[in-house]
Amino acid sequence: MAVDLHIHSNVSDGVYSPRELVVMARNRGVSALALTDHDSVNGVPSALLAGKELGALVIPGVELSTDIAESEIHILGFCIDMTSTYLHEALQILRERRIVRCEKILKRLRIVGIDIPLSYVLSLGKEGFTGRGQIFKAMVKLGFARPERSFGDFGKYLGKTGLAYVEHQGFSPEQAVEFIRACSGVPVLAHPGAQIPLYVIENLIHMGLEGIEAYHPSHNKETCRKWLKFAKRHGLIVTGGSDFHRPNPDGSLDLGGMTIPDEVVMELIKRWRKTMPDKPTPAF
Ligand SMILES: [Zn+2]
Ligand SMILES: [Zn+2]
């Protein structure tokens, strides 16, 4: 069976609806998938419903954005309890903080002569979601940036060292791990690449991190092997996915396009049955 445990819908910065994604996945022979929108689980109910109708295992997920000094850290949460009121309340606060961050970024852009109203950026996102993706889209639409990656305009203005970059206003990486555990989920470090210092990851393991995303389009074979070894050494589960947002012009790294062993899903399901809400809800 083909699996894909990292997919974004138009509830955050992807282009397809959750239902369309499940249909696409089934058409490509993917039988287990996780919807992992940025700071939102609003697409999960319709993905679960479509999964039931079409015979695909849909795992409720989320991807939380956090910052450390050296880098950005994304924490995936799988098998989260969708009935948790704390989950929805906390994500609502994150949504509001995303808007505050967006306002700060727009203020910095104004200093360099790029004037974009907040209302315009908000109109480009669904359900009040806003992020750098929407800001960049607004910049392109209004002629302030070129969409082609080769020009590097995203990095120049909105990348971690970009002119208008503002840190995420949400969780710290530790809080993200705690939050996912408090929602009965399995916290997994997303696409660690080569930037995140090992001591940071070891600290997160201490906080309850349970897995690492070794299979990711940004990892070459060597990086993937490195994290597989790391996972084994620390008793972490391994996950993987395409991090699909929209079709690539060259058709590469598409939905369901990563080769990921079936055991990955088996391990996750085992944890799903085991995880229990055993922690008080953390404040942040
Ligand atoms: Zn990510
Ligand atoms: Zn992602």
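This one's a predicted model, so the numbers in the text were calculated from it and none came from an experiment. In each ligand, atom 1 is the first atom listed, and ligand 1 is the first ligand listed.
A cation-pi contact links Arg101 to Tyr165, judged by a cut-off of 6.0 Å to the six-membered ring centre and 45° from its axis.
The number of protein N/O/S atoms found under 2.8 Å from the Zn ion (ligand 2) is 4.
With sequence neighbours excluded, the residues that form a salt bridge (charged side-chain N to carboxylate O under 4.0 Å, His left out) with Lys160 are Asp67, Glu167.
Glu63 and His8 are linked by a side-chain donor-acceptor pair at a separation below 3.5 angstrom, with hydrogens and angles left out of the test. Between the side chains of Asn203 and Glu174, at least one donor N or O sits under 3.5 Å from an acceptor N or O. Of the N and O atoms on the side chains of Asp37 and Ser9, at least one donor lies less than 3.5 Å from an acceptor on the other residue.
Here the NE2 atom belonging to His191 is positioned 6.5 Å from the CG atom belonging to Leu76, to the nearest 0.5 angstrom.
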